[in-house]
Amino acid sequence: MRVRVIGIGSPSGDDQAGWRVIDALATRAIAGPDEIFLEKLDRPGAGLIDRFAGADCVVLVDAMCSGATPGDIHNLSRTDWAAYRGGLSSHGFGVFDALALAQALLALPPRLEVYGIEIASSEPGARPGAAVCSAVERLADRLAGLLNGGI
Amino acid sequence: MSESRNVTIRVPVLARVEGEGALDLTIEQGDIKALRLRIFEPPRFFEKFLEGRHYAEVPDFVARICGICPVAYQVTAAQALETLFDIDIGPWARAMRRVFYCGEWIQSHSLHIHLLAAPDFFGCGNAIELARIAPEEVRRGLRLQALGNELMELFGARSVHPVGVRVGGFHATPSPERIDALRKRLAAALPEAEALVRWTAGMALPPDAQDFVSVAMRHPVDYAIERGEIAASDGLLIEAAAYPEHFTERHEPHSTALFSSYCGRPYLVGPLARLNLNRDRLPDDVQTLLAEVGFALPSGNVFHSMLARAVEILLALREALRLLADYHAPASPWVDATPRAGVAVGCTEAPRGLLWHRYEIDADGLVRNARIVPPTAQNQARIEEDLRLSLLNFGLDHADDALRLHCEKVIRNYDPCISCATHFLRLNVSR
């Protein structure tokens, strides 16, 4: 199985959450049976769909703001996508817009896991807050366990 | 529906190049009483931010102006400064700048056609709906867009706000192995681009011939992208430095973007203006293809802009392939620059049209003053004129939703940044 784990983020404060999960996973000893690719992306837009090619499973991790407590980890199902869709513009083509487009194009991977880490602020140049850093480690542990057991 | 009705259509959130705008339309007694494309985004002050900056910072700084066409800003700035500093960047860097630029045209045009403009012509509200009825065409568009992004990444390290260009050339040299791998993919994409031209040519477009002046760069040999003089369809042909003598900018109270005019009139910049002025610079077989699909140039129908973008994707692929043939890495991808005081002026053809830069540089190489005229500002008055003419041609007796959609279609033809904004529109109608 080919598994691609993608962290989406930016260098701005808590918005680094997705990237930091990838960094944290890279430090974990993962000895599962799957071929694993780790990748960090910044606003991939519709280009996210390209990254699904050839993958049996894709795990997406992004920061999110839903009003929940910063540091909460959400596992988002397909029924959640519509609530987070944007305006389908060149500047606002978000992760869930890309997933909806991939679905219409029958380009979704056989298995897709979408995780969101609730964040508080995304100040340019700031470090992520303690709640988000803690969530990054928890989610990295959870994903490492998943990957060690085989997808 | 009576033609004497009074209609007010307000489109209050119509963002533009990374900004915000709106459309106000008032129809009284069957006539357009007011039509305003309001650009209300606060000024971004990029020109002011540049003051006091070292010339070497300028290419990276101006790349931040636009996430879709950063290469245009970088190359225009670098070339303006190189002209002032009397630097010859050499044949390798000149050719690779054009290749880099081709990548931006391919990605920007592909994005605009498939994700923004085409859904209008299939009765779809967005690209996802279009993907359900034309999946192969949307997949093809995404492949072309990705290929354009890869060309940009090749020279700029990343496709959004790339960092490859420097005054004097490039910071780094792509390896021949990477070039070779990409050339194969560019060649494989040629039939896809040709199919895209046929697809866009087959769309049912509103007949809407208008009389306007096209303004675009023109080169003695090539289809002008990054080099050439400024031409207009009335015969004007000037160097970049003479731009302010012929083109004026004015402020209108309803917009934070300046309105441009030429001889007191709006004018068109962008892919259709380029094709209108440079048809004879297209390769023979591309001209044959245009004749085959019935694309007669010059065209006064701005709805042909989407087809023009498809043609330019095909052209950009061919240019990139031509310039990357027999690729050899140079000893150095840049030449050293020595600043000199003076005025640096330059222009290139951004995906959305003519982009003009002017910098006053002091003896220490610091920017004293900067002026940047982007294509969106130049097209703003033309969009208003087009909306008025196009609505009258379309018929004011249509239902409000149809009028609004027609206005959005017109706006989307000009600029992917405005196009993206129009997808956010909320419409208030009062009678």
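So you know, we letter chains A, B, ... as the sequences are listed, proteins then strands, and number each from 1.
Remark: Arg127(A) CZ is loosely packed, at most 12 non-hydrogen atoms of other residues, nucleotides or ligands lying under 6.0 Å away.
Chain B forms more heavy-atom pairs under 4.5 Å with one residue of Leu105(A), Leu101(A), Asp50(A), Ile49(A) than with any other, namely Leu105(A).
Side chains of Leu106(A) and Arg139(B) form a contact here, defined as non-hydrogen atoms less than 4.5 Å apart. Side-chain contact between Asp97(A) and Asn126(B): absent, with no pair of heavy atoms (C-beta onward) separated by less than 4.5 Å.
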